[in-house]
Amino acid sequence: MDLLSDGSYDSGQRGQRQSRLASGFFITFEGGEGAGKSTQIERLARRMRAKKYEVLVTREPGGSPGAEAVRHVLLSGAAEPFGPKMEAILFAAARSDHVEQVIRPAVERGSIVLCDRFIDSSRVYQGVTGGIDADFMKALEAVAINGMMPDMTLIFDIDPVEGLKRATARRGAGDVADRFEKETLAIHRRRREAFLAIAKAEPERCVVIDASADPDTVENVVTAAVFAALEARMPAQKKQTAPA
Ligand code: TYD
């Protein structure tokens, strides 16, 4: 993925003529380490572009120049000595910039936005396993997103033993795990449970994807779920745009 001049990430094909929705669609991809989110985002973007949808691929922490500046501080562990509350606020600051500079403008111009991690990562990594008070996390989330809730969230579920194996293989030998990946298996297990609890609590937004299957199978499941959701929204959009 390349960082574009508007600060977003995109894997190409932007110059083509693409169709826009009457109002955009915001999809987030969540889950533990090594669940294959990035691969599936690329595949879904390719499929959507083939159908002439305008797609923007982005990620957190980062996705806008301001947020990318904060990304390194968070993932290198430079903020770790100052505690999880400091980290949570930095993730929220990065998110606010990303939302206002990249996500909201794209959704408002009718694009489909595919975002690798968003609010649920903060709820899980900082809120649940970081031990931060739920009310504080709620307030921080509200400020960071300012109403920009995802229309749909895919939660990639995988046994952390398998996920960490994949993440290590992807990184290659010699490269070290980032601040959050290097934590104990028990913490990764708690994160898995926390993501599943969010999916259970918000079934109208979240779909759990079995990420242990092979990439082609996962791609088919993701494609079916997303296109069904998009089609479900179409009639409403047509109604909105129909002449009076
Ligand atoms: P990264 O290498 O970008 O992605 P991934 O693990 O999705 O392949 O790592 C991002 C790390 O930051 C990941 O360990 C999860 C963590 N994170 C949080 O702790 N809170 C957040 O709000 C976000 C967006 C990410």
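In each ligand, atom 1 is the first atom listed, and ligand 1 is the first ligand listed. Predicted model, so just to flag it, every value in this text is computed and none were measured.
- Ligand 1 places these atoms under 4.0 Å from at least one heavy atom of Glu60: 24 (C).
- Given atom 18 (C) of ligand 1, the protein heavy atom at minimum distance is Phe91 CZ, 3.2 Å.
- With Gln40 contributing its side chain and Pro215 its backbone, the two residues share a donor-acceptor pair below 3.5 Å.
- Looking at ligand 1, you'll find an N or O of Glu33 within less than 3.5 Å of one of its N or O atoms.
- Formation of a donor-acceptor pair under 3.5 Å by the Ser111 side chain with backbone atoms of Val113 is not found in this model.
- In terms of protein heavy-atom proximity, atom 16 (C) of ligand 1 is closest to Phe180 CD1, 3.8 Å.
- Every atom of ligand 1 with a heavy atom of Lys37 under 4.0 Å away is listed here by number and element: 5 (P), 7 (O).
- Side-chain contact between Glu60 and Ser121: absent, with no pair of heavy atoms (C-beta onward) separated by less than 4.5 Å.
- With a 4.5 Å cut-off on side-chain heavy atoms, Thr129 and Phe180 do not count as touching.
- Using a 4.0 Å cut-off between heavy atoms, Asp178 contacts ligand 1 through its side chain alone, with no backbone atom that close.
- For atom 22 (O) of ligand 1, the closest heavy atom belonging to the protein is Ser122 OG, 2.6 Å.
- The shortest contact between atom 12 (O) of ligand 1 and any protein heavy atom is with Leu75 CD2, 3.5 Å.
- Contacts of Leu74 with ligand 1, taken as heavy-atom pairs under 4.0 Å, are absent altogether.
- The main-chain N or O of Lys165 is never found under 3.5 Å from a side-chain atom of Arg170 such that the two would form a donor-acceptor pair.
- In this structure, Arg191 does not pair ionically with Glu30, as no charged nitrogen and carboxylate oxygen lie closer than 4.0 Å.
- Nearest to atom 5 (P) of ligand 1 by heavy atom, out of Arg117, Arg71, Gln126, is Arg117.
- In this structure, the side chain of Arg71 engages the main chain of Pro61 through a donor-acceptor pair within 3.5 Å.
- In terms of polar-atom proximity, Arg59 is not counted as a contact of ligand 1, lacking any N or O under 3.5 Å from an N or O of the ligand.
- Assignment of Arg179 to the shell around ligand 1 is not supported, since no heavy atom sits closer than 4.0 Å.
- Contact annotation for Arg95 and ligand 1: only side-chain heavy atoms (C-beta onward) come within less than 4.0 Å of the ligand.
- Looking at Arg170 against ligand 1, only its side chain comes within 4.0 Å, counting heavy atoms.
- A distance-only check finds a donor-acceptor pair linking the side chain of Arg95 to the backbone of Phe118 [under 3.5 Å].
- A donor-acceptor pair under 3.5 Å is formed between the side chain of Arg104 and the backbone N or O of Asn146.
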